[in-house]
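Structure record follows, encoded as structure tokens.
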Amino acid sequence: MKRFQMQYSDNRTFSEWLSAIEAFVDEHGLKGNVLLFEIFSDSHAIELVEPVISLIENRFPTAPYAGCSTNGSIVEGKSAEEHVVVAANVFECPETKAEAIQLPISYDLQQESGQTVVEAVKARPWVKAIEVLATIGNTDMPSLCKQISAVDDSIQVFGGGALAADVHDGNSAKTFVFSSAAKPAHNSAVFMLMGGEQLHVRSSFVTGWRNLGVPFEATDSTRNVLKTLDDKPAFDVYNHYIGVAKDEHFFDISVVFPLCFETGGVPLLRVATNFGEDDSLIFAADISKLTSANIAYGDSARTIESVNDAIREYEDFAADAINLYSCAGRQGYWGDEVDKETLPFQSLAPTLGFYTAGELLRTNGQLLLHNLTIVVCQGDVSL
């Protein structure tokens with residue numbers, strides 16, 4: 001697989017970039033092969049991606065593509081400077097396949113949509129991986145994840161929640177996804193199915209946060225609202241250990257000190273985005289009742305060590321391309337130094353990604369929604 005990636009600035013430059021891809025395809029005799037585009041925009045303004053979509057559809061009318069709004073994009077392992085980032089993945093093996101499915105995932109439709117995805121995958125035995133781009137607001141993501149987990153255990157599932165740098169709210173109705181299967185939409189998800197005999201995909205995650213002290217029990221919660229820890233108001237418990245005030249700086253502190261929940265042996269970080277009048281904590285994703293929870297803290301040295309460990313582990317895979325789905329909270333934690341944890345992956349393969357409202361990864365058969373995590377996906381086509 002050959003990856004081309006660029007930051008969109010104007011139609012002329014983008015058209016020239018597409019011409020270079022056409023030349024590569026022609027030169028290498030890949031006319032009938034899959035060409036998969038990925039498009040990420042850091043704004044909720046859909047019109048920013050419309051010229052990109054239009055040019056791709058005109059030049060490559062049969063090419064599948066997928067994208068979403070983000071809290072910023074990653075291109076060549078670094079934070080993008082332009083609003084829109086585009087990658088083109090050219091699969092050299094003619095047997096490789098890719099197909100986009102886009103479906104509504106609001107509360108009243110997600111069960112039907114989840115079942116549609118499972119049935120679609122069953123009917124396509126060639127599927128090896130599913131990239132999921134989803135708007136997580138107005139959606140019971142744990143329920144949807146449970147449904148998608150029903151696909152064959154051998155299939156890698158990964159992705160991220162749409163966000164936008166100009167809305168500051170992962171649950172905003174303004175975030176959107178889009179694909180070659182449907183127009184830009186809110187309360188929606190794109191499932192990019194990929195596969196073929198020679199396609200190899202590997203996924204994992206990196207955190208770098210450490211647990212503090214003894215665990216608590218989440219004794220009362222409703223969706224993303226945690227009411228009590230050990231039967232005490234959740235905010236009071238959190239405040240006792242962290243010393244955080246109910247003011248505009250709450251999120252700046254909570255992103256460094258999330259709660260860590262164990263789910264099937266997998267640590268899930270959850271960021272408290274706000275607090276309730278009843279001393280509850282409001283999180284960026286749903287909380288399960290009667291689960292163990294620790295307060296965790298960000299450790300920059302541990303994070304860099306984890307990234308370096310991952311780089312060493314991934315070297316043998318010889319990836320052609322790497323995708324990163326990194327939590328927007330990590331941007332807040334690192335500030336201007338956020339590239340420290342993403343740029344090293346570019347040394348392995350062309351690295352693309354975006355900052356998310358939540359990271360999706362299937363581990364031990366379960367598709368789980370993470371916070372404050374980097375989900376890493378590597379792709380390779382062996383010829």
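All values below come from the heavy atoms of this structure, side chains included, with hydrogens, waters and symmetry mates left out. Note that the numbering runs from 1 along the sequence shown for the chain.
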#### Entry: Working for salt bridge (Lys or Arg N to Asp or Glu O under 4.0 Å), residues R3 and E38
CA-CA 11 Å; R3 168 171 281 178; E38 298 173 90; 3.1 Å; yes
### Task
Kindly determine whether E50 and K183 satisfy salt bridge (Lys or Arg N to Asp or Glu O under 4.0 Å), including the steps that lead there.
CA-CA 10 Å; E50 287 175 341; K183 294 180 179 180; over 6 Å; no
### Message
One pair to check against salt bridge (Lys or Arg N to Asp or Glu O under 4.0 Å): K246 and D279. What are the steps and the verdict?
### Response
CA-CA 10 Å; K246 291 183 175 180; D279 288 329; 2.4 Å; yes
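Remark: side-chain polar atoms of E359 are paired, donor with acceptor, to backbone N or O of T373 under 3.5 angstrom. Checked by atom type and distance alone, the side chain of R210 never pairs as donor or acceptor with a backbone atom of A296 at under 3.5 Å. For D220 (side chain) and T228 (main-chain N/O), no donor-acceptor pair under 3.5 Å exists by modelled atom type. At distances below 3.5 Å, at least one donor-acceptor pair connects side-chain atoms of E92 with backbone N or O atoms of M1. Proximity of a side-chain donor or acceptor of K128 to a complementary backbone N or O of L199 within less than 3.5 Å is detected. Side chain of E76 to backbone of Q346: no donor-acceptor contact under 3.5 angstrom is found. Looking only at distances, no side-chain donor or acceptor of R270 sits under 3.5 Å from a matching main-chain atom of L259. Between the side chain of H240 and the backbone N or O of D236 there is no donor-acceptor pair closer than 3.5 Å. Looking at Q7, its side chain does come within 3.5 Å of a backbone N or O of E82 through a donor-acceptor pair. A distance-only check finds no donor-acceptor pair linking the side chain of E341 to the backbone of T303 [under 3.5 Å].
In this model, no donor atom of one side chain and acceptor atom of the other lie less than 3.5 Å apart for D42 and T70. A side-chain N or O of R59 and one of S19 form a donor-acceptor pair less than 3.5 Å apart.
In this pair, F205 and H370 present their aromatic rings tilted. The plane angle is within the 30 to 60° band. Relative ring orientation between F354 and F40 is described as tilted, the plane-to-plane angle lying within the 30° to 60° band.
If you chain together hydrophobic residues whose side chains sit under 4.5 Å apart, L193 and Y65 never meet in one group.
Between F24 and F4, the gap from one ring centroid to the other is short of 6.0 Å. With ring centers used as reference points, F216 lies 6.0 Å or more from Y238.
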